[in-house]
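Worksheet: one structure, shown below.
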Amino acid sequence: MSEETSKPKDFIREAILEDLRSGRYTYVRTRFPPEPNGYLHIGHAKAICIDFGIAEEFGGECNLRFDDTNPTKEDTEYVEAIKEDIRWLGYDWGEREYYASDYFEQLYEWAVELIKKGKAYVDDQSPEELSRTRGSLTEPGIESPYRNRSVEENLELFERMRKGEFPAGSRVLRAKIDMSSGNINLRDPVMYRIIHDPPHHRTGKKWCIYPMYDWAHGQCDSIEGITHSLCSLEYEDHRPLYEWFIRELGIFAPRQIEFARLNLSYTVLSKRKLLRLVKEGYVRGWDDPRMPTLRGLRRRGYTPQAIRTFIDRIGVSKTNSVVDIGLLEACVREDLNRHALRRMAVLRPLKLVIDNYPDGQVEYVEALNNPEDPSAGTRPMPFSKVLYIEQDDFRETPPPKYYRLYPGNEVRLRYAYIVKCTHVVKDEQGQVVEVHCTYDPSTRSGEGAARKVKATIHWVSAAQAVPVEVRLYDRLFLKPNPDDVEEGEDFTKYINPASLEVLYPCYAEPALATSQVGEKFQFERLGYFCVDPDSTAERLVFNRTVTLKDEWAKIASKMEASA
RNA sequence: UGGGGGCUCGUCUAACGGUAGGACAACGGACUCUGGAUCCGUUUGUGAAGGUUCGAAUCCUUCGCCCCCGGCCA
């Protein structure tokens, strides 16, 4: 945010501005703190854009810090994947790549300090006892019989915990706060637990006691001089605990500000559920183009810019909300419309024969690469007597308002000629297998044809067409909120069985033959597509990122609804 | 029956005691060699009731509804 008059666009930026004005902080530093136990999804993108975006706007910096306090769940594989995804989104943490495990020694020392102050104790109760004595939402907890051990005994026990003298789960270190607090987080929360294996992905077997997130996070922020620790709503009532630790330790105090996490319609965004989709085979992997993971979106053809625009547009607030996935789609259309090269491809081919066009003749017509961007230039497209057109672009008996091809009607073949349908050829089952036309040689594109027709359709020349595979994706779920389930039901009940449709052969214009993995195109009148890594030299595979807005589909479905 | 949050068009989100605005969606129109893009226009909203005030989405009171918290997860 440029100092002067520009007003903050949300309550977080407002608060930061106020902190700077009041002198509470003289600089801004944030952090993005993922746990390396899974892949990043669009919900994380919101946090990333907020953490990195805000730091940038205030001339500060954003640290990347892996919250790796639980070796039973974490792995370096995820560390690499997370870094890759953040970079892809377009953010850079410079040299500031940190790990909670970097601070284990300091955290240990601070724990000792709290023990010495009589503010922490070793508890020998079992996990079950701990849970039983924590009380309930409405009843206070019961103080542990070990709560008033001497400082000396606590010190000795804690040291022996670190040395590995006790089995996992046998003891914990707890903060001594208030077992009757209405805030359950303050009922003597666990600071350390014993975990002997697996070894930690970075510290190996050096430690067998690991700090709980609640004990680690605030102090890590403090060590790094984080001024604004931005997190999601569920940490709101942990804040008093973090503040208690910081106060008892007398160390630098960051300010935590909570915001609502992202929910998106027609999908799920919890690691647990995403994992089930993968494990139970509903999708092909974490990077399946139907997944809301950043890898999935990337493979689907989403651009970092589209995602950042989306995050910017949904804003930041504390209201629990579900954002219409249509907004994400609108953002990617907006970006791709400006940048994607136009190409022609026919997904469901129907042969079109131009009876009055010379046999064996091939001419080249010039096609715009991007009408939105003249500098993108043009390309030649072969045109000949036998073409493929989209099955959807022909009806033997047209419904009302249907402008496309039907017997007796004229349409323009994009960048080529106006053709008129004369008759059709059917197979034994009565299916139309060939549409026959005549063309008007005076209507070639660019030659100032006076006549206008209602519709222009896309096509490819059959002899030069490249057969390709196209994968059409639809929403993963049938319900806007798949989590909204009846008693005993499961979100998997609402998975869209038709979320993937594979088409082959589709016919692409020759210019597409050399496309590279990841390249994005608009297939005219159909949507945006990108080349999937499954592509081989023999068979290109295209993913449909998103359809174009389709006015006709709307009309057609409305007529169907009223019929 | 405890503690912490939140309620503004269909969906997100602005407003900071002074004309409820924007985006997406929807609807209508213009334009168009993509039924695309673009442009124009229209509809729809302050959870409820009281109070304070010249004036309330905003301040106060009461009520309602929604979300989070009882891991040795984060």
Side-chain angles (χ1 to χ4, degrees), chain A residues 9-10 14 33-35 37 67 69-70 72-74 123 125-127 130-132 134-141 168-174 180-187 189-195 209-210 212-214 216-217 231-240 258 260 265 271 310 312-331 333-334 337-338 342 344 368 371-372 401-404 411-416 418 443 445-446 449 452-458 480 522-527 547-556:
Chain A
K9 53 182 184 175
D10 57 66
E14 219 166 83
E35 183 188 17
N37 72 341
D67 256 317
T69 55
N70 185 353
T72 65
K73 299 194 166 180
E74 298 148 6
D123 196 337
Q125 293 184 106
S126 68
L130 232 59
S131 150
R132 184 157 33 79
R134 191 155 13 241
S136 75
L137 293 180
T138 54
E139 298 153 342
S170 59
R171 275 170 235 256
V172 291
L173 183 73
R174 291 228 257 174
S180 62
S181 173
N183 182 345
I184 290 167
N185 299 118
L186 263 21
R187 318 241 260 232
V190 172
M191 294 164 64
Y192 278 94
R193 71 299 210 178
I194 299 170
I195 300 173
I209 55 172
Y210 289 92
M212 296 287 290
Y213 174 87
D214 277 349
H217 197 87
C231 64
S232 47
L233 255 25
E234 67 264 33
Y235 292 105
E236 213 150 14
D237 41 5
H238 294 236
R239 184 168 11 108
E258 309 85 9
S265 62
K271 273 182 191 167
F310 169 72
D312 190 62
R313 231 162 254 186
I314 59 175
V316 186
S317 75
K318 299 188 70 152
T319 312
N320 282 313
S321 60
V322 181
V323 177
D324 185 349
I325 199 166
L327 180 58
L328 214 211
E329 294 169 347
C331 291
R333 276 191 197 103
E334 184 181 303
N337 175 51
R338 278 197 288 261
R342 309 297 123 120
M344 302 237 205
L368 256 29
E372 304 295 314
K401 302 252 195 132
Y402 187 85
Y403 304 151
R404 282 112 94 148
V411 298
R412 172 171 288 282
L413 296 173
R414 178 89 156 144
Y415 296 125
I418 289 175
T443 58
S445 283
K452 285 198 188 300
V453 288
K454 271 283 211 185
T456 298
I457 66 173
H458 62 278
Q522 181 195 100
F523 289 176
E524 291 214 24
R525 301 207 307 135
L526 298 175
T547 61
L548 250 28
K549 279 203 252 176
D550 189 346
E551 202 60 32
W552 166 247
K554 219 186 278 182
I555 295 167

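Sequence lines set the chain letters: A, B, ... in the order given, protein chains first and strands last, and positions in each chain run from 1. Heavy atoms only: backbone and side chains are in, while hydrogens, waters and symmetry mates are out.
- Within 6.0 Å of NZ on A/Lys271 lie more than 12 heavy atoms contributed by other residues, nucleotides or ligands.
- When the P atom is used for both B/A56 and B/G22, the distance is 23 Å, rounded to whole Å.
- Within 4.0 Å of A/Ile314, counting heavy atoms only, lie sugar-phosphate atoms of the nucleic acid but no base atom.
- Between A/Glu551 atom CD and B/U34 atom P there is a gap of 14 Å when expressed in whole angstrom units.
- For B/G64 and B/A48, the C1' atoms lie 7 Å apart once the distance is rounded to whole Å.
- Taking every side-chain heavy atom of A/Asp237 into account, B/G4 is the closest of B/U34, B/G4, B/C27.
- Using a 4.0 Å cut-off between charged nitrogen and carboxylate oxygen, A/Lys73 and A/Glu35 do not count as a salt-bridge pair.
- Within 4.0 Å (heavy atoms only), A/Gln125 reaches at least one base atom of the nucleic acid.
- Nucleotide B/U1 holds its C1' atom 11 Å from the CG atom of A/Leu137, rounded to whole Å.
- With both ends at atom C1', the span from B/G10 to B/C27 equals 13 Å, rounded to whole Å.
- Following rounding to the nearest Å, A/His217 (NE2) and B/A74 (P) show an atom-to-atom distance of 12 Å.
- A/Arg187 comes within 4.0 angstrom of nothing in the nucleic acid, heavy atoms only.
- B/G3 sits 15 Å from B/U62 when the P atoms are compared, rounded to a whole Å.
- Nucleotide B/C72: unpaired (no Watson-Crick or G-U wobble partner with both distances less than 3.5 Å).
- Within the nucleic acid shown, A/Arg414 comes within 4.0 Å of at least one base atom, counting heavy atoms only.
- One can place CG of A/Leu368 at 17 Å from P of B/U32, the figure rounded to the nearest angstrom.
- Among the atoms of the strands shown, none is found under 4.0 Å from any heavy atom of A/Phe310.
- Residue contacts for A/Leu327: at a heavy-atom cut-off of 4.0 Å it reaches the sugar-phosphate backbone alone, with no base atom in range.
- Comparing B/U11, B/G36, B/U8 by their nearest atom to the side chain of A/Asp324 picks out B/U11.
- For A/Glu372 against B/G36, a side-chain N or O and a base N or O form a donor-acceptor pair under 3.5 Å.
- Within the shown strands, B/A30 is the pairing partner of B/U38 under the Watson-Crick or G-U definition, both distances less than 3.5 Å.
- Listed nucleotides B/C72, B/G35, B/A23 differ in distance to A/Arg313; the shortest reach to its side chain belongs to B/A23.
- By the rule that a glycosidic angle within 90° of 0 means syn, B/G5 does not qualify and counts as anti.
- Atom name P, nucleotides B/A14 and B/C39: the rounded distance is 25 Å, in whole Å.
- Pair assignment for B/U44: none, as no Watson-Crick or G-U wobble contacts are both less than 3.5 Å.
- Of the candidates B/A74, B/C16, B/G36, the closest approach to any side-chain atom of A/Glu14 belongs to B/C16.
- As judged by a 4.0 angstrom heavy-atom cut-off over every strand, A/Glu524 is placed among the base-contacting residues.
- At a threshold of 4.0 angstrom between heavy atoms, the contacts of A/Ile555 include nucleobase atoms, whether or not backbone atoms are also involved.
- Nucleotides B/G47 and B/U8, compared at atom P, are 6 Å apart to the nearest Å.
- Each of B/A74, B/G35, B/G70 was ranked by its minimum atom distance to the side chain of A/Trp552; first place goes to B/G35.
- If you check B/C59 for Watson-Crick or wobble pairing at under 3.5 angstrom, you find it paired to B/G51.
- Here the C1' atom of nucleotide B/C67 and the OH atom of A/Tyr235 are 16 Å apart, to the nearest Å.
- Taking atom P on both B/G36 and B/G29, the two are 13 Å apart, rounded to the nearest angstrom.
- Contacts of A/Ser321 with the nucleic acid, taken as non-hydrogen atoms under 4.0 Å apart, involve only primed sugar atoms and P, OP1 or OP2.
- Within the nucleic acid shown, A/Ile457 has no heavy atom closer than 4.0 Å to any nucleic acid atom.
- Residue A/Thr456 has its side chain nearest to B/G35 when only B/C27, B/A74, B/G35 are considered.
- In this structure, A/Ser265 reaches neither bases nor backbone, as no heavy-atom distance under 4.0 Å exists between it and the strands shown.
- Between A/Trp552 and A/Tyr402, the ring planes are perpendicular. Angles over 60° get that label, and only those under 30° would be called parallel.
- As rounded to whole Å, 19 Å separates atom P of B/G3 from atom CZ of A/Arg134.
- If you take CD1 of A/Ile184 and C1' of B/G2, they are 8 Å apart, rounded to a whole angstrom.
- Counting any heavy atom pair closer than 4.0 Å across all strands shown, A/Val190 reaches sugar-phosphate atoms only and no base atom.
- Side-chain atoms of A/Pro371 lie closest to B/U34 of the nucleotides B/C12, B/U34, B/A74.
- At the heavy-atom level, A/Gln522 lies under 4.0 Å from base atoms of the strands shown.
- Where A/Leu526 and A/Gly182 each meet RNA chain B at their nearest nucleotide, the meeting point lying more 5' is that of A/Gly182.
- For A/Glu236, the listed nucleotide lying nearest its side chain is B/G5; candidates were B/A37, B/G5, B/U1.
- Among the atoms of the strands shown, none is found under 4.0 Å from any heavy atom of A/Val453.
- You'll find that the side chain of A/Thr138 is closest to B/G2, out of B/C12, B/C27, B/G2.
- Pair assignment for B/C24: B/G10, on the basis of Watson-Crick or G-U wobble contacts that are both within less than 3.5 Å.
- Between the C1' atoms of B/G18 and B/G35, the separation comes to 46 Å (whole Å).
- Closest to the A/Arg404 side chain, of the nucleotides B/G35, B/G70, B/C27, is B/G35.
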